[in-house]
Every structure is written in structure tokens, then in C-alpha cells.
Amino acid sequence: MKGAGRREEDVSSELTKGRTEGCRATDTAFDHPAVEEEARWLAAIVESSDDAIVGMSLDGFIVSWNKGAERTYGYLADEVVGKPVTILIPPDRHNEEPAILERIRRGERVDHYETVRQRKDGRLVDISLTVSPVKNAGGTIIGASKIARDISERKRNEAQIAMLVREAEHRSKNVLATVQATIYLSHADTPDGLKRVIAGRIQALANVHRLFVETRWTGAKLHNLIAQELSPYRLEGDGRMRLVGPDLMIEPNEAQAIAVVVHELATNAAKYGALSVPDGRLEVEWSQAANGQLTLHWTELNGPAVNPPTRQGFGTSVMESMVAARKGEIHFAWHSQGLSCEITMPGVSTRF
Amino acid sequence: MTALHDGLIASPGPAGAFNRQLRVYQMSVSLVLIVEDEPLVRMLAVSFLEEAGFATLWVGSADEAVALLETRNDIRVVFADVHLPGSMDGLRLAHVIRNRWPPIELVLTSGQAKVRNEDLPERGLFIGKPYVKAELVGMMQSLVK
């Protein structure tokens with residue numbers, strides 16, 4: 001441990017007095033090789049500690065400085081031994097030190113005090129500080145040991161956790177608001193019908209969320225997203241649905257809009273359209289233009305003849321609203337074999 | 001809210017114009033601009049407010065809201081989500097509106113527990129998501145009374 005050799009000239013008279021008395025009291029003990037060995041052991045332990053261990057006189061001057069202190073604060077022992085410990089303290093915290101010294105003089109310990117110190121390069125470092133009085137053989141307090149643990153990483157983790165908690169709260173509240181909207185805006189002729197409609201729509205939202213989770217919320221594959229919404233109507237080895245299009249990863253906002261639209265189209269087809277009859281077929285094709293515009297065609301074939309709805313229900317308005325929110329367009333055509341629908345969305349960001 | 005309107009009418013400058021506008025408002029339906037990027041939530045807000053007798057317009061971003069406000073003077077309340085895509089979030093939008101169009105009332109909403117009061121513009125109100133119809137409608141009615 002550097003600094004020990006300079007103690008006598010640098011430290012306060014109080015400490016010098018303490019050291020001298022200490023030496024005198026243990027004179028014979030230090031001559032003993034076993035005790036000397038033990039002292040070396042202890043010094044090596046201090047030196048190899050990852051924590052910054054600093055010896056301080058009662059008037060606030062640094063008397064020893066280990067390797068951990070060099071790493072934590074950026075100063076070499078030679079640069080700081082004999083200097084006031086306040087060089088480590090940022091200007092707005094200078095009032096901390098007199099209070100700590102006062103407690104040490106009373107023989108008290110300061111345990112795991114979380115504070116901030118300033119490195120040689122000016123950067124601030126979060127530390128957990130434990131300060132204990134150091135006594136000589138006669139029991140007189142002659143200084144303090146200050147052990148500081150760098151807790152910057154823990155602080156960063158804590159800040160990140162707090163951020164994630166806020167984000168989770170925000171997301172879950174938004175999901176609840178979406179569910180609330182779905183419940184409020186859904187209509188059906190019977191209570192059971194209403195339950196089914198709402199449950200299906202909430203399931204569609206849950207499905208797309210599951211796809212987001214799989215990609216750590218970066219998006220969802222368009223093919224998977226459509227296949228998932230159609231899966232309730234798909235039988236084993238079912239050849240009546242055809243999904244054709246490039247492998248596109250769609251960002252969450254667009255993906256959610258498409259999932260909701262496909263869910264509405266699918267439930268409508270199962271109730272009134274091509275998926276309501278055994279011979280009905282469905283083709284979903286999509287493509288992306290060079291400028292990012294996504295076009296999706298939904299074509300029902302061999303289904304019963306369909307007519308435009310007489311009133312605008314949740315299904316139509318949610319589809320239009322979802323697509324309009326992404327600056328896109330949706331067009332419906334009702335013909336003799338079932339519904340056709342074309343959706344275009346400009347500037348869809350996709351990743352492969 | 002009476003005191004608030006008195007204050008505005010008594011203030012110099014646009015008072016005359018505002019008085020005329022106020023009379024129009026009192027005779028017709030109050031128009032609320034909804035700024036919300038989540039379509040389902042926006043549809044819900046439209047339903048809640050229209051069922052309560054308000055007229056609504058909606059946009060999905062703060063930039064669109066500013067562009068719209070520049071073209072019309074009949075918007076009475078702006079109801080904005082705090083989290084919005086684009087160059088401005090809902091809080092910044094609210095401050096811009098408070099400075100450029102002082103008579104417009106402001107209501108902010110968010111999934112975050114609470115926006116700090118000191119972050120809200122003067123006379124700005126906050127309602128957390130998800131909100132119930134009676135709370136939102138009551139808040140709007142108190143602002144346009």
C-alpha cells in the first residue's frame with residue numbers, strides 16, 4: 001500500500017502522535033516475524049481489494065491509497081497522499097465531509113452511505129461508502145478508513161429497471177385502453193354473440209402481441225401474422241387458403257393495423273363469406289413497391305354472393321380507421337363469389 | 001371556468017374576435033380536436049364525445065394538429081395523447097397551443113400514471129388511460145361551460 005512511508009511528514013499532528021504511540025506500544029510485537037508476516041498479509045489484502053480503500057487523518061487528509069482507489073478515482077497514490085480528501089468530492093457535496101468526520105471523531109461508523117465522488121478526469125462516480133474510525137493501540141481515534149464501492153453499474157441497472165417499469169406501465173395501460181375501446185365499440189344482436197365478437201377481437205390483439213414478443217418488439221412477419229389470424233378457420237391439410245407474398249418483417253404499428261384488419265375480414269368471411277361454405281376459397285396476396293408502399297389483396301372465391309353492409313358497424317369502421325391511421329387506403333368490392341378487398345399503406349418500414 | 005372566460009374577454013388584443021367566437025360556441029356544438037395515434041383508442045374518444053354532444057375532428061400526430069389549427073378557428077378543446085409520433089409529443093403540442101392559440105382548452109392523456117402538474121400548460125388538464133366516459137365528458141363539459 002503506497003503512502004505508508006510518507007505518513008510521518010504529511011499527516012496531522014494528531015495522527016503522527018497516534019502512530020508514534022502505536023509504534024511504541026507494539027515495538028516488541030513488530031520485531032516478531034509472525035506479526036510482521038500478518039501485517040504484510042493484511043496489507044496485501046487491502047491492496048488487492050476491488051474496493052477503493054483510503055486512509056484518512058482526522059483533519060481530512062489522505063494518508064493511504066490502494067489500487068482499488070486508483071481504479072475508482074483515477075489518481076495514483078503519489079498524486080493524492082497528503083492532499084485533502086475533498087479533492088474527491090464534487091463541489092455540491094462539500095458539506096458531507098465535515099459531518100462524516102464529526103461522526104468518526106465520536107467513534108461512530110458510517111455504513112453504506114450512497115453518494116457521488118469526482119474522478120481525476122472530472123467524471124462523477126456513484127459509490128457506496130463505509131467509513132470507520134481507526135484507533136491506535138491505546139484506543140485513541142487517530143483517523144478513518146474509507147471504503148468505497150463503485151456502484152455506477154448498479155445505478156445504471158436501477159435506472160434501466162425504472163425505465164422498463166414505466167414502459168411496461170405505459171404499454172399495459174395502452175393495451176387496456178385498446179381492450180376498453182374494443183368492448184365499447186363492439187355490437188352484436190345477442191349477449192353471447194357480443195361476447196364472442198369481443199373475445200375474438202381481443203384474441204387478435206393478443207396474437208399480434210405474441211408475435212411482437214418473439215421479435216423483442218421489433219415487429220412481426222407478415223406471413224405469420226396473416227396465417228395466425230386465419231388459423232381458427234383452417235382445417236388440417238386445408239387447401240382452400242392461399243397466402244402469397246414476399247417474406248416481410250412489419251413494424252409493430254403497421255403489424256397491429258394489418259392484424260386487426262385481417263381478423264375482421266376473416267370473421268366476416270367465416271360468417272357470411274367464402275369461409276362460411278365448404279367450397280369457398282380465400283387468397284391473400286401482398287407485395288411491396290420500391291418506395292415502401294405495401295399492397296395487400298384479399299380475395300374470396302366460390303363463396304355466396306355478398307352485398308355491401310347496410311350499416312357501418314365496428315368491423316368496417318375499425319378497418320378504415322386502422323388503415324387511415326397509417327395513411328393508407330382500404331377499398332371493398334362485393335361481388336358474386338364473395339368479398340374482395342385491397343389495402344395499400346405507404347412507406348411501410350420492413351426489415352428482412 | 002366562468003372566471004377564466006371573464007379573464008380572457010377582459011384581456012386586450014384579441015378580445016373582440018374572441019367574444020364573437022365565444023358567442024358562436026355558446027350557440028353551437030363545441031368542437032374537440034382529438035390527437036391520438038392509436039386508432040381504437042381514438043375511435044373510443046370520438047364515440048364518447050360525440051355521444052355527449054360534442055363535435056370531433058381527429059389527427060394522429062402533433063404536427064398534423066398544428067397544421068389543422070392553422071387553417072381553422074372553431075376548435076374549442078384539444079384532447080391529446082402525450083405519446084405521439086413525429087417531431088413533438090403531446091406535452092410540447094399543448095405548450096405550443098397555449099402560446100399560439102391561448103383560448104383553446106387543453107386535455108392531455110397518457111398510459112403513464114401521471115403527468116407532473118408543473119409540466120402541464122396553464123389551464124391544462126390530465127386524464128389517465130384507460131378513462132371512463134363520464135370522467136372524460138365531465139372534464140370537457142367543465143372546460144366549455
Side-chain angles (χ1 to χ4, degrees), chain A residues 162-187 198 201-202 204-206 208-209 251-261 263-264 312-328 330 343 345-347 349, chain B residues 32-52 54 56-65 67-68 79-87 89-91 107-116 119 126-137 139:
Chain A
M163 197 264 287
L164 288 173
V165 167
R166 278 198 305 277
E167 183 63 23
E169 184 202 2
H170 179 225
R171 281 218 176 125
S172 58
K173 292 281 185 58
N174 277 331
V175 168
L176 287 173
T178 310
V179 168
Q180 181 200 25
T182 304
I183 292 168
Y184 191 82
L185 299 167
S186 293
H187 298 282
I198 292 170
R201 286 173 177 151
I202 291 173
L205 292 170
V208 68
H209 276 232
E251 294 208 326
N253 282 335
E254 278 81 17
Q256 179 161 326
I258 292 170
V260 168
V261 169
H263 172 77
E264 294 304 323
Q312 172 134 345
F314 173 85
T316 324
S317 55
V318 77
M319 284 191 275
E320 285 175 347
S321 195
M322 279 286 184
V323 175
R326 310 258 66 89
K327 309 268 180 274
I330 183 164
I343 301 155
M345 278 192 209
S349 2
Chain B
V32 179
L33 171 61
I34 298 163
V35 193
E36 167 67 70
D37 63 325
E38 172 56 59
L40 283 168
V41 178
R42 188 180 63 218
M43 286 167 71
L44 183 71
V46 168
S47 294
F48 279 175
L49 293 174
E50 294 200 340
E51 284 162 12
F54 290 90
T56 63
L57 288 170
W58 60 262
V59 290
S61 71
D63 303 288
E64 290 168 287
L68 189 67
F79 177 39
D81 188 14
V82 170
H83 299 263
L84 291 170
S87 68
D89 69 2
L91 270 178
V107 180
L108 289 162
T109 183
S110 166
Q112 219 92 66
K114 185 93 179 95
V115 168
R116 289 183 307 170
D119 291 337
F126 178 84
I127 187 167
K129 276 186 194 175
Y131 41 77
V132 295
K133 185 179 173 183
E135 195 187 358
L136 178 68
V137 168
M139 205 177 252

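Bear in mind that the values here come from a model prediction, so they are computed numbers and not experimental data. Residue numbers begin at 1 in each chain, while the letters A, B, ... track the order of the sequences.
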Specify the closest pair of heavy atoms between A:Tyr184 and B:Lys133, including all atoms of both residues, with the distance to one decimal.
OH-NZ, 3.4 Å
For each of B:Val132, B:Leu44, B:Val41, tally heavy-atom pairs with chain A at distances under 4.5 Å, and name the one with the top tally.
B:Leu44
By side chain to side chain contact (heavy atoms under 4.5 Å, CB included), B:Ala65 pairs with (sequence neighbours left out) B:Leu33, B:Val35, B:Val59, B:Leu93
Contact list for residues 34-45 of chain B, test salt bridge (charged side-chain N to carboxylate O under 4.0 Å, His left out), sequence neighbours left out:
B:Glu36-B:Lys129
Can you tell me which portion of A:Arg326 sits under 4.5 Å from chain B's heavy atoms? Options are side chain, backbone, both or neither.
side chain
Show the nearest heavy-atom pair for residues A:Lys173 and B:Gly111, with the distance to one decimal.
CG-O, 3.0 Å
For the atom pair CG (A:Asn174) and CD (B:Gln112), what is the distance rounded to the nearest 0.5 Å?
9.0 Å
May I ask you to test the B:Leu40-A:Thr182 pair for a side-chain heavy-atom distance under 4.5 Å?
yes
To the nearest 0.5 Å, what is the distance between CZ (A:Arg171) and NE2 (B:His83)?
11.0 Å
Heavy atoms only: give me the nearest A:Gln180-B:Tyr131 pair and the separation to one decimal.
NE2-O, 2.5 Å
Approximate separation, where rounding is to 0.5 Å, of B:Met43 CE and A:Met322 CE
8.0 Å
Looking only at heavy atoms, what is the nearest atom pair of B:Pro39 and A:Ala325, with distance?
CG-CB, 3.5 Å
